[in-house]
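Model, not experiment: these values are computed from the prediction. Quick note on labels: first sequence line is chain A, next is B, and so on, each numbered from 1.
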Amino acid sequence: NAGVTQTPKFRVLKTGQSMTLLCAQDMNHEYMYWYRQDPGMGLRLIHYSVGEGTTAKGEVPDGYNVSRLKKQNFLLGLESAAPSQTSVYFCASTPVGQWYEQYFGPGTRLTVT
Amino acid sequence: DQQVKQNSPSLSVQEGRISILNCDYTNSMFDYFLWYKKYPAEGPTFLISISSIKDKNEDGRFTVFLNKSAKHLSLHIVPSQPGDSAVYFCAASEAEYGGNQFYFGTGTSLTVIP
């Protein structure tokens, strides 16, 4: 049981480049989330999904898109990366019954130069 | 505007003593509160939660207290152990049914000195 995994672990992008971060969970959780963590800011919700095929905006959605085509995967896309998107990105998932107990992945450290 | 605030960026405590981490919130619609613990280079892990209908929840060495009138919650760790050294985040949510937004504080770095 791998839990929540994130790919890649590290990435350096140039301004304007695009990339997709992959989050996968093998716990059959309904809900999935993408957060970013910046110094002095805590974790801020980017987008979330309450089920396969559904997504919703969080606190800081601008510049990101997401897709949840399969229940176990939640993809975060950056179409045109900006230096302001330099951050550590965390994915999380929760089961319906214990919706408050988020299981987090190890994070992806992204640097945009 | 930060809806969940942790005003102490760091805290040092001697092993065996009590650690008290504080959290304040501004949104009176929050009705579920959580604490997460994070080690370096790892994702946060869930620690303990409390619903707004309670004022205290205990799990082993960890107790969370909620003061709704003051919009304040605190996490007590007794006794503190060196393995408790980590960053602690409090979080809050408006709805107790899931799939809703969680708002996190900025974290408090706890160091337990052996």
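- When the side chains of ILVMFWY residues are joined at heavy-atom separations under 4.5 Å, either directly or via intervening members, A/L22 and A/M32 end up in two distinct hydrophobic clusters.
- Residue contact with chain B, scored on non-hydrogen atoms closer than 4.5 Å, involves the side chain of A/Q37 exclusively.
- Open room surrounds CZ on B/R17; 12 or fewer heavy atoms of other groups in view lie less than 6.0 Å from it.
- Between B/K38 and A/F90, the shortest heavy-atom contact is CE-CZ, 3.5 Å.
- Residue A/E79 qualifies as open at atom CD: its count of foreign heavy atoms under 6.0 Å is 12 or below.
- For the pair B/Q101 and A/L45, the tightest heavy-atom approach, listed with the atom from each and the gap, is CG-CD2, 3.6 Å.
- Closest approach of B/P44 and A/L43 over heavy atoms only: CG-CD2, 4.2 Å.
- Contact annotation for B/A41: only backbone heavy atoms (N, CA, C, O) come within less than 4.5 Å of a heavy atom of chain A.
- A/Y100 pairs in a ring pair (Phe, Tyr, Trp, His ring centres under 6.0 Å) with only one of the listed residues (B/F33, B/F46, B/W35), which is B/F46.
- Scanning residues 101-113 of chain A against chain B with a 4.5 Å heavy-atom cutoff picks out A/E101, A/Q102, A/F104, A/G105, A/P106, ordered by number.
- Taken together through direct or relayed side-chain contacts under 4.5 Å among Ile, Leu, Val, Met, Phe, Trp and Tyr, B/V64 and B/F30 form part of one hydrophobic cluster.
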Audit row: B/Q3, A/E59, side-chain contact (heavy atoms from CB on, under 4.5 Å) steps and yes/no: CA-CA 11 Å; B/Q3 298 190 57; A/E59 197 179 348; 5.8 Å; no

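- The hydrophobic clustering, which links ILVMFWY residues whose side-chain heavy atoms are closer than 4.5 Å, places B/L34 and B/F65 apart.
- When hydrophobic clusters are built by joining Ile, Leu, Val, Met, Phe, Trp and Tyr residues whose side-chain heavy atoms come closer than 4.5 Å, directly or via intermediates, A/Y89 is not grouped with A/L75.
- Residues of residues 9-21 of chain A placed with any heavy atom under 4.5 Å of a heavy atom in chain B are absent; none qualify.
- To the nearest 0.5 Å, atoms CZ (B/F102) and OH (A/Y35) are separated by 5.5 Å.
- For B/Q2, the part sitting under 4.5 Å from any heavy atom of chain A is the side chain, from C-beta outward, and nothing else.
- Under the 4.5 Å side-chain heavy-atom criterion for ILVMFWY residues, no single connected hydrophobic cluster contains both B/I48 and B/F89.
- Annotation for B/M29: atom CE does not count as buried by contact number, only 12 or fewer foreign heavy atoms lying within 6.0 Å.
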